[in-house]
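Each remark here refers to the structure printed beneath this line.
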Amino acid sequence: METRLTTDISQAATLLQKGAVIAIPTETVYGLAANALEAEAVRKIFELKKRPSSDPLIVHVRGPEALEGIVAGIPDWAYKLMMRFWPGPLTLLLPKGPAIPEEVTAGLPRVAVRAPAHPLTQALLQAVPFPLAAPSANPFGRVSPTTPEHVGEYFAGQIPLILDGGPCAAGIESTIIGEEHGRLVLYRPGALPREVLEEALGEKLYTRTHVTSTPPVTPGQFPRHYAPNKPLLYGWRTPPPEKNASIVVFEPVPFSHPYLHYLPAEEKLADAAAQLYPTLLTCEKEPTHYILVQAVSPHGLGEALHDRLRRASLPHLFTIGHSNHPWAEFQALLQKYEIHAILDLRKQPYSRYVPHFSQGPLQKALHEINIAYEWQPNPNRLLPTVEKLLREYLHVALLCAEGDPNRCHRFSLSDTLTEKGFAIFHILPTGELHLHRAPISLSLEEKAS
Ligand code: TXA
Ligand code: MG
């Protein structure tokens, strides 16, 4: 199938009327759109995206006047927000109307609706007599596209048309809110900051964006979403200048690096948001093995960036060999990698040659520099201990008996951990970070070429 890139609304409208799926621009990200009233057309979206049918779609309308039959009623709070923020990056969960097929809402009692602000898509919605169901135009679990070129990289040959609206202004998905037991709940932070909504509503929004592993009953709840194709480690105060990494920062860092991406966040968080997904897609193509991303302060628009990066981040562990590092050097390594907790795997945690690695002195010294310490020499109890530590700490290192970190993984520890979804990094005795294993199918060689 040839994929046309065009700004011609009438071609787009004709295809949609025939039940086709096309890509459309919005002010947030590109969407894969189809007639929201036709179950058959909607099913094609799920197939193209390889999206589980349990994950419902947002219905895009011209404005509040186009909601008849789509929603079963518009509560006052929703009406107020539509008047103020539509067209714009705000999605509302409202009681589902009879015109919407079950496929769109995955059988849920509410339907997600929004009026997108992009002029081409607004014109398209005027030109067709139905609303458009549209998820972001990426294969399920991948980074959302914010340019027609990125849509083409994912879906060229699979869809007949990409409506070319240029790069998306906001670059991050819409904010989703809804009502539960009389309270207004923020389900997905997005391009419209929480603070702006709270100010308009005159009340605080409850939050329900926790990550679970079961299919969502509420939006955006799949644990790994918006993920690039190599391990992304999020949350660094200062990412270390690793040569194998693509590095994304929001503040200047005191080193230069061939794959350093600086998205100034301070004054211009909106620019950083618009650049985030294109930057992650660039990082995917660089000849690096993983991506390190500096922490974003989760306020205003930062809440959405933080949310996406947290979801894109692969749960990971570091292993660090018990080499004969003097204490000061060992401590410097822990600081460089911002290690928060150490799990000591050594069966006999004492050392004749380097006494500071004995259990007591090590524990005390780590405590002094604010690093948690646990000892777990029993291979059968490792996984629960690791999971427990990772609930509390972002960077956990496993301390092994071997100076050679490749030998840390007796007890098929790395198999178990990668099967559980962890990426494992070695902190080499030389002080570099090396990706040992990651539960990602692309081979490193393929990516590096
Ligand atoms: O900015 C956006 O919202 C973009 C553009 C294309 O409009 N769309 C978008 O769609 O991000 P998508 O499918 O990638 O994310 C929609 C989220 C999903 O997490 C889904 O679970 C949730 O909204 N959702 C949609 N309908 C729902 C419903 N009826 N009940 C609960 N959650 C729903
Ligand atoms: Mg999406």
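Given the structure is predicted, the values throughout are model-derived calculations rather than measurements. Ligands are counted one by one from 1 in listed order, and the atoms in each one are counted from 1 as well. The first residue of the sequence shown is numbered 1, and numbering continues consecutively from there.
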When you measure from the side chain of Glu103 to the backbone N and O of Ala39, does any donor-acceptor pair fall under 3.5 Å? no
Heavy-atom distances under 4.0 Å decide this one: backbone, side chain, both or neither, for Leu57 against ligand 1? backbone
Is it the case that the side chain of His340 and the backbone of His395 share a donor-acceptor pair, with hydrogens and angles ignored and the cut-off at 3.5 Å? yes
Arg311 with Asp307: basic N within carboxylate O range, under 4.0 Å: yes
Which residue, Arg308, Arg194, Arg310, forms the salt bridge (charged side-chain N to carboxylate O under 4.0 Å, His left out) with Glu303? Arg194
Ligand 1 to Thr105 polar contact by distance, N or O atoms, under 3.5 Å: no
Decide whether an N or O pair under 3.5 Å exists between Glu173 and ligand 1. no
For the Mg ion (ligand 2), does an N/O/S atom of Ser144 lie at less than 2.8 Å? no
Checking the side chain of Gln17 only, and the main-chain atoms of Val128 only, is there a donor and an acceptor separated by less than 3.5 Å? no
Does Arg188 reach ligand 1 with a nitrogen or oxygen that is under 3.5 Å from one of the ligand's nitrogen or oxygen atoms? yes
How does Lys96 reach ligand 1, if at all, at less than 4.0 Å between non-hydrogen atoms: by side chain, backbone, both, or neither? neither
Ion pair present between Arg142 and Glu284, side-chain N to carboxylate O less than 4.0 angstrom? yes
For ligand 1, does Arg110 get within less than 4.0 Å through its side chain, its backbone, both, or neither, judged by non-hydrogen atoms? backbone
Quick look: Val111 vs ligand 1, heavy-atom contacts under 4.0 Å, and the answer is backbone
Evaluate Ile177 against Leu81 for side-chain contact (heavy atoms from CB on, under 4.5 Å), listing each step before the verdict. CA-CA 10 Å; Ile177 77 166; Leu81 293 181; 3.4 Å; yes
Side chain His436, main chain His426, donor-acceptor under 3.5 Å: no
Short version for Glu27: what comes under 4.0 Å of ligand 1, heavy atoms counted, is neither
Just which atoms of ligand 1 are under 4.0 Å from any heavy atom in Leu108? 30 (N), 31 (C)
Regarding Lys230 and Glu286, does a basic nitrogen lie under 4.0 Å from an acidic carboxylate oxygen? no
Taking 4.0 angstrom as the limit and counting only heavy atoms of Asp55, give me the atoms of ligand 1 inside it, by number and element. 18 (C), 20 (C), 21 (O)
Counting from 1, what ligand 1 atoms have a heavy atom of Arg51 closer than 4.0 Å? 12 (P), 13 (O), 14 (O), 18 (C), 20 (C)
Out of all atoms in ligand 1, which are within 4.0 Å of some heavy atom of Thr28? Include the element for each. 1 (O), 2 (C), 4 (C), 5 (C)
Show which atoms of ligand 1 fall inside a sub-4.0 Å distance from at least one heavy-atom site of Gly31. 6 (C)
Could you list which atoms of ligand 1 come closer than 4.0 Å to a heavy atom of Pro135? 10 (O), 12 (P), 13 (O)
Atoms of ligand 1, numbered as shown, that sit under 4.0 Å from any heavy atom of Ile176: 17 (C), 23 (O)
Under a 3.5 Å distance rule, please check whether Lys96 uses its side chain to pair with a backbone N or O of Val71 as donor and acceptor. no
Can you find an N or O of Lys49 that's nearer than 3.5 Å to an N or O of ligand 1? no
Give the atoms of ligand 1, by number and element, whose distance to some non-hydrogen atom of Ala112 is under 4.0 Å. 25 (C), 26 (N), 27 (C), 29 (N)
Hey, does the side chain of Tyr30 reach the backbone of Cys168 with a donor-acceptor pair shorter than 3.5 angstrom? no
